[in-house]
Amino acid sequence: MVVVCGSVPFSGVRLALGVAVDSAGSVYVADGWGNGVLKLAAGAAIAWFSSRSDLTPGYSLSTVRFVKYSIKRIAMSTGGGDAPGLNAVIRAATLAARNRDWDVVGIRDGFNGLLLPDEYPDDGLIELTRDRVRGIVHQGGTILGTTNRGSPIAYPVQLTDGTWIEVDRTEELLGRFEEHRIDALITIGGDGSLSIARHLHEAGLRLVGVPKTIDNDLENTTSTFGFDTAVDFASECIDRLFSTATSHGRIIVVEVMGRYAGWIALNAGMASGVHAILIPEIPFSLEPVASLITDRERHDAKFSIVCVAEGARPVGGELSIVGKAVGQAERLGGIGAKVAAELEQMTGREARTVVLGHLLRGGSPTSFDRLLGLRFGAAAVRALDQGYNGVMVALNPPTVNYVPLAEATRRQKKVPLDCDTILTARDMGINFGDEMPTYSAIGR
Ligand code: F6P
């Protein structure tokens, strides 16, 4: 039972606090984000707390409502686009939880298993046993299934007249967690899924988030799993395009994923030695790219390779959007073909487009992504065990730490324009479709 709550100034910020007494008379002090629960002798806690004249009574207790002092059963869910390494997280988290004698269930297809239980066997849950997670670390995808159209905050529902609306199903979902006696959730996802996690946490669900995206665009973690695999495969594909581009003396434009950040295009483009890289962070103009291509041609290099992120856009232009469904983010695509058509016209040289798209999300994770997934999965269980709540596990070399979800979802991680990879690219003569001074790309 919570007996008092409020907030106190601490090191320049206000800390929200709740004090609870359990049936045995032990007293717990929890911070308002549920990040820590401190067990104190009853007298000491109450005396300290009630001596604070600066308390703000009435602070909403929603964030500490679900704070539990022992965990018996946890759930795991994977949301948004899949990424190689998800199964490694699921395996490590399952084993770490089972080794603490916790039950573990997986929710099918994001939260759909709980929201649409009639559409699945076993009420939409998968019992995650040691057997069920054996031999899955090297497998791409997620054994739980995922969706990028199942946000409980804006759930797409079709009306009888065929139109779609978005409905908030948060309370219903929280009820399902209670019905299934799930004490805490480990939710694995990208920026969209982690924002949903933040919302669920603020609504009272005890949870820990695990960052996932091949785009690597999440702040506060040095890397997300899936990114290394995507860069590795994109580099291999571009390597293969070099020989055919050289043989035909063509321009090849390779489009890779990367909605709002150009990490994949930059890293794969650099690793495979392309001549121009177009990323969302640098609105591009094709004149400098075309003049680089003709310059190369004058020096007997009749082929050129351009790597473009799907979210790149021309100066003053718009994102290349294919469509938008209710309850889903806009689908991007087509920028590669537009760039190829324009470069062909500007240079008179034949151009082709290759869209790597979802190939970058498939396949077996690299050893880096497997290991990162395993570390994140086990760290998420340790976090719950230690009383953390509403945090995201994050890679902070050489360790893994915990970042409040509110902080983790504040903004996306863009490529810094002064980072050394960009500087290296410019030093090597790689063009970004801007007017920044660059060196010659001849001879590459
Ligand atoms: O995972 C992020 C991402 O890879 C984006 O780069 C891309 O725009 C999106 O997924 C595509 O997802 P889907 O086709 O599954 O909707």
Side-chain angles (χ1 to χ4, degrees), residues 77-87 89 109-110 112 140-142 144-151 154-156 164 166 187-197 209-219 221 223-234 237 254-269 277-281 307-313 318-338 354-363 365-366 369 372-373 376 392 408-409 411-415:
S77 71
T78 50
D82 65 339
L86 280 169
N87 286 326
V89 180
D109 297 346
N112 278 352
T142 159
L144 302 180
T146 186
T147 177
N148 52 15
R149 229 187 146 197
S151 165
Y155 200 86
W164 287 86
E166 294 178 354
T187 182
I188 314 162
D191 56 347
S193 306
L194 292 174
S195 299
I196 295 168
V210 174
K212 163 250 52 163
T213 161
I214 66 163
D215 291 356
N216 196 35
D217 56 0
L218 284 170
E219 269 288 358
T221 182
S223 187
T224 51
F225 61 85
F227 173 62
D228 186 63
T229 310
V231 169
D232 213 43
F233 186 67
C237 293
V254 190
E255 182 183 310
V256 296
M257 282 191 172
R259 291 180 79 80
Y260 308 115
W263 295 103
I264 298 177
L266 177 65
N267 286 26
I277 299 175
L278 308 178
I279 57 176
E281 291 83 349
C307 185
V308 53
E310 63 181 350
R313 62 172 114 185
E318 295 299 321
L319 273 181
S320 210
I321 296 171
V322 181
K324 159 102 179 79
V326 175
Q328 203 172 27
E330 292 154 336
R331 275 179 55 220
L332 304 187
I335 189 66
K338 289 180 194 162
V354 175
V355 180
L356 294 180
H358 294 81
L359 286 170
L360 302 183
R361 293 223 305 243
T366 58
D369 283 337
L372 188 56
F376 277 175
M392 177 188 88
T409 53
R411 57 162 193 253
Q412 280 156 335
K413 183 171 70 182
K414 306 273 189 190
V415 175

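All ligand and atom numbering here is 1-based and tracks the order in the structure. For clarity, every value in this text was computed on a predicted model and none was experimentally measured.
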For residues 188-197, run the donor-acceptor check on the side chains, cut-off 3.5 Å, and write out each pair with its distance to 0.1 Å, sequence neighbours left out.
unit_1: Asp191; atom_1: OD2; unit_2: Gln412; atom_2: NE2; d: 2.9
unit_1: Ser193; atom_1: OG; unit_2: Gly79; atom_2: O; d: 3.4
unit_1: Ser195; atom_1: OG; unit_2: Asp191; atom_2: O; d: 2.9

### Query
Taking Trp263 for the side chain and Lys413 for the main chain, is one N or O donor matched with an acceptor at less than 3.5 Å?
yes

### Query
Between Ser320 (side chain) and Arg313 (backbone), is there a donor-acceptor pair under 3.5 Å?
no

Note down each nitrogen or oxygen pair, ligand 1 side and protein side, whose separation is under 3.5 Å; give only atom names and the distance to 0.1 Å.
unit_1: ligand 1; atom_1: 6 (O); unit_2: Asp215; atom_2: OD1; d: 3.1
unit_1: ligand 1; atom_1: 6 (O); unit_2: Asp215; atom_2: OD2; d: 2.8
unit_1: ligand 1; atom_1: 6 (O); unit_2: Gly258; atom_2: N; d: 3.3
unit_1: ligand 1; atom_1: 6 (O); unit_2: Glu310; atom_2: OE2; d: 2.6
unit_1: ligand 1; atom_1: 8 (O); unit_2: Arg259; atom_2: NH1; d: 3.0
unit_1: ligand 1; atom_1: 8 (O); unit_2: Glu310; atom_2: OE1; d: 3.4
unit_1: ligand 1; atom_1: 8 (O); unit_2: Glu310; atom_2: OE2; d: 2.7
unit_1: ligand 1; atom_1: 10 (O); unit_2: Arg361; atom_2: NH1; d: 2.9
unit_1: ligand 1; atom_1: 12 (O); unit_2: Arg361; atom_2: NH1; d: 3.0
unit_1: ligand 1; atom_1: 14 (O); unit_2: His358; atom_2: NE2; d: 2.7
unit_1: ligand 1; atom_1: 15 (O); unit_2: Asn148; atom_2: ND2; d: 3.3
unit_1: ligand 1; atom_1: 15 (O); unit_2: Arg361; atom_2: NH1; d: 3.4
unit_1: ligand 1; atom_1: 15 (O); unit_2: Arg361; atom_2: NH2; d: 2.9
unit_1: ligand 1; atom_1: 16 (O); unit_2: Asn148; atom_2: ND2; d: 2.8

### Under the side-chain hydrogen bond (donor to acceptor under 3.5 Å, both in side chains) test, residues paired with Glu281 that sit two or more places apart
none

### Message
Going by the rule side-chain hydrogen bond (donor to acceptor under 3.5 Å, both in side chains), which residues pair with Thr221 if we only count those two or more places apart in sequence or in a different chain?
### Response
none

### Result of checking Thr366, Asn267, Thr213 against Phe227 for side chain to side chain contact (heavy atoms under 4.5 Å, CB included)
Asn267

